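Notes for the one structure printed next.
Remember, it's a predicted structure, so these values are computed and weren't measured experimentally.
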Amino acid sequence: MFDIGSVLPVNLGLIPWVMFGLCTMLTSVGTLGPAAAAILAPIALRFATKFSVYKKKTAFM
């Protein structure tokens with residue numbers, strides 16, 4: 001299976017901030033805040049599980 005860590009050095013502390021940035025971009029385009037969070041929450045929690053990042057931190061972002 002393809003692993004992103006083998007190709008790019010991943011700074012795990014940036015994953016919550018990337019999700020925050022994506023949510024900010026969706027909101028600036030016109031999506032309502034709760035809708036943007038509902039779109040990104042499953043993706044963020046999947047990344048948190050895969051890369052063993054603190055899930056609450058990812059969910060709060």
Side-chain angles (χ1 to χ4, degrees):
M1 187 85 193
F2 180 71
D3 186 22
I4 194 168
S6 64
V7 177
L8 299 172
V10 176
N11 186 355
L12 297 179
L14 291 178
I15 290 175
W17 288 104
V18 169
M19 292 300 155
F20 177 74
L22 287 173
C23 190
T24 304
M25 287 191 310
L26 281 173
T27 306
S28 69
V29 169
T31 309
L32 296 176
I39 292 168
L40 289 178
I43 298 168
L45 291 176
R46 191 171 301 134
F47 273 119
T49 303
K50 183 174 182 179
F51 293 115
S52 300
V53 179
Y54 189 53
K55 291 181 185 175
K56 283 187 181 179
K57 183 178 180 183
T58 306
F60 287 147
M61 293 306 263

query: Rounded to the nearest 0.5 Å, how far apart are CG of L26 and CG of L32?
result: 11.5 Å

- prompt: How many angstroms lie between CH2 in W17 and CG in L22, if you round to the nearest 0.5 Å?
  reply: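 Spacing of CH2 (W17) from CG (L22) equals 13.5 Å.
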
task: With sequence neighbours left out, write down each residue that passes side-chain contact (heavy atoms from CB on, under 4.5 Å) with T27, or none if nothing qualifies.
output: C23, A36

query: Applying the 4.5 Å side-chain criterion to the ILVMFWY set and letting contacts propagate, would L45 and V18 be lumped into a single cluster?
result: no

task: Taking all non-hydrogen atoms of both residues into account, name the closest pair between I43 and M19 and its distance.
output: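 So the minimum-distance heavy-atom pair works out to CG2-CE, 4.0 Å.
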
